[in-house]
Amino acid sequence: TAEYMGSSVLDDMLASVLLRSQDHGLQEGLPVLHGSIAAVCAVANCVRTTFGPRGMDKVIKRPSQTDSEEELGQNITITNDGATVVSALSFTHPVARMIADISKAQDEEVGDG
């Protein structure tokens, strides 16, 4: 049946999903897959509205030591470039960091990350 086929494919996929974490050592299986999917969805949700002809601008405020008016303009970026948005974020999940690195590499190579 189709349900059995999907389960078999998922089981095969889970057998090859491994994540090495500095905090927790080697992890594998369904929790790793769910965590990776959640990380990818979080990155996608950050940049989703920047895509396409109706892409919206994002306002990115970088932290500073003081929030004086002179430094405020230097710490704010307005962009609709997904690569700029991703590069402004810091990720702890390895899959999210990998997506950010891929976006940076693509932006450097062809100018559109």
Side-chain angles (χ1 to χ4, degrees):
T1 66
E3 183 178 29
Y4 176 75
M5 294 287 288
S7 176
S8 175
V9 170
L10 182 62
D11 290 341
D12 291 343
M13 191 169 64
L14 286 176
S16 63
V17 175
L18 296 172
L19 178 68
R20 184 172 303 277
S21 171
Q22 292 177 348
D23 300 336
H24 304 291
L26 186 66
Q27 300 173 344
E28 61 182 309
L30 196 56
V32 173
L33 182 62
H34 286 180
S36 298
I37 291 170
V40 169
C41 289
V43 174
N45 286 335
C46 290
V47 297
R48 175 171 302 169
T49 58
T50 65
F51 296 145
R54 294 184 182 180
M56 294 187 291
D57 291 344
K58 299 283 187 186
V59 177
I60 302 168
K61 181 181 181 293
R62 291 183 168 81
S64 66
Q65 277 71 22
T66 63
D67 280 335
S68 67
E69 288 188 25
E70 299 109 26
E71 291 183 2
L72 189 59
Q74 298 171 356
N75 295 329
I76 292 179
T77 304
I78 299 174
T79 184
N80 68 353
D81 180 32
T84 304
V85 172
V86 169
S87 68
L89 301 172
S90 60
F91 299 104
T92 57
H93 195 279
V95 174
R97 279 197 311 255
M98 183 176 64
I99 291 173
D101 292 343
I102 290 169
S103 174
K104 181 179 176 185
Q106 181 174 335
D107 191 38
E108 290 171 357
E109 187 68 28
V110 295
D112 190 13

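Numbering starts at 1 and runs along the sequence shown.
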Applying side-chain hydrogen bond (donor to acceptor under 3.5 Å, both in side chains), name anything that partners Thr50, two or more places apart in sequence or on another chain. none
Qualifying residues under side-chain hydrogen bond (donor to acceptor under 3.5 Å, both in side chains), relative to Arg97, sequence neighbours excluded: none
Could you give the distance from CG (Asp107) to CD1 (Ile102), rounded to the nearest 0.5 Å?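 The CD1 atom of Ile102 is 13.5 Å from CG of Asp107, to the nearest 0.5 Å.
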If I take atom CD1 from residue Ile76 and atom CD1 from residue Ile60, how far apart are they, to the nearest 0.5 angstrom?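 CD1 of Ile60 is found 11.0 Å from CD1 of Ile76.
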Report the residues that fulfil side chain to side chain contact (heavy atoms under 4.5 Å, CB included) with Ala44, sequence neighbours left out, ordered by chain and then residue number. Arg48
Does the side chain of Thr84 pick up a donor-acceptor pair with the side chain of Lys58 at under 3.5 Å? no
Could you tell me which non-hydrogen atom of [X] sits nearest to which non-hydrogen atom of [Y], and how far apart they are?
X: Val43; Y: Ala96; answer: CG2-CB, 3.9 Å
X: Val86; Y: Phe91; answer: O-CE1, 3.8 Å
X: Asn80; Y: Gly55; answer: ND2-O, 4.4 Å
X: Cys46; Y: Val85; answer: O-CG1, 4.0 Å

Donor-acceptor pair, Asn45 side chain versus Cys41 backbone, under 3.5 Å? yes
